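Keep in mind the model is a prediction, meaning the values are calculated, not measured.
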Amino acid sequence: QVQLVESGGGLVQAGGSLRLSCAASARTFSNYRVGWFRQAPGKEREFVASIGWTNASTDYTDSVKGRFTISRDNAKNTVYLQMNSLEPEDTAVYYCAGRWNPVKARSVGEFNYWGQGTQVTVSS
């Protein structure tokens, strides 16, 4: 069983930056693929980015490419999401998710473990 805890959310003006963190409890965390998803009010949860065992295997949804960067520090059992040039459309609850399979995945059902979420609000 893996427990994931997100932190780093908050209120920021458009054009600003935030860094989200996802801390995992599992000693085998480095074997998991980890993703970030977000859910805005009234919308379905959507894929944002994911990372494999190393920082070389990353995947991003088109709307965040060039603005968001996902990375991981396996020594700290932590995955980060650096978010730059934030837009009001990025406002959502951001969730960290993990899956044992290293293959890239983008659907909610393909991830087995979820954090409780952290709110990101971008004001215009």
request  = With sequence neighbours excluded, give me every ring-ring contact (aromatic ring centres under 6.0 Å, His included) pair touching residues 72-105.
outcome  = Tyr32-Trp100
request  = Go through the structure and list residues passing side-chain hydrogen bond (donor to acceptor under 3.5 Å, both in side chains) with Asn31, not counting sequence neighbours.
outcome  = none
message = By the disulfide bond (SG atoms under 2.5 Å apart) test, which pairs, at least two apart or in different chains, include something from residues 31-63?
response = none
note = residues 105-124 vs salt bridge (charged side-chain N to carboxylate O under 4.0 Å, His left out), sequence neighbours excluded, gives Asp59-Arg106
ask   = Who pairs with Thr61 by side-chain hydrogen bond (donor to acceptor under 3.5 Å, both in side chains), at least two apart in sequence or on another chain?
value = none
Partners meeting side-chain hydrogen bond (donor to acceptor under 3.5 Å, both in side chains) with Ser71 (sequence neighbours left out) = none
key: Side chain Arg99, main chain Asn101, donor-acceptor under 3.5 Å   = yes
Exercise answer: donor-acceptor pairs, residues 8-26 side-chain atoms, under 3.5 Å, sequence neighbours excluded:
{"residue": "Ser17", "atom": "OG", "partner": "Asn84", "partner atom": "OD1", "Å": "2.9"}
{"residue": "Ser25", "atom": "OG", "partner": "Gln3", "partner atom": "N", "Å": "2.8"}

For Arg33, all residues meeting salt bridge (Lys or Arg N to Asp or Glu O under 4.0 Å), sequence neighbours excluded = none
Joint hydrophobic cluster, Val34 plus Val108, side-chain heavy atoms closer than 4.5 Å = no
inquiry  = Donor-acceptor check, side chain of Glu6 to backbone of Cys96, threshold 3.5 angstrom: yes or no?
reply    = yes
key: Set of residues satisfying salt bridge (Lys or Arg N to Asp or Glu O under 4.0 Å) with respect to Lys43, sequence neighbours excluded   = none
inquiry  = Quick one, Val79 with Ile51, criterion side chain to side chain contact (heavy atoms under 4.5 Å, CB included). Give me CA distance, side-chain angles, the key distance, then yes/no.
reply    = CA-CA 8 Å; Val79 169; Ile51 188 166; 4.2 Å; yes
ask   = How long is the gap from CZ on Arg72 to OG1 on Thr58, to the nearest 0.5 Å?
value = 12.0 Å
ask   = With sequence neighbours excluded, what pairs up with Asp90 under the side-chain hydrogen bond (donor to acceptor under 3.5 Å, both in side chains) test?
value = Arg38, Arg67
request  = Taking ring pair (Phe, Tyr, Trp, His ring centres under 6.0 Å) as the test, write out the residues that go with Phe37, two or more places apart.
outcome  = Phe47, Phe111, Trp114
note = Those residues at least two apart in sequence (or on a different chain) that pass ring pair (Phe, Tyr, Trp, His ring centres under 6.0 Å) with Trp53 are none
ask   = When you measure from the side chain of Thr91 to the backbone N and O of Val122, does any donor-acceptor pair fall under 3.5 Å?
value = yes
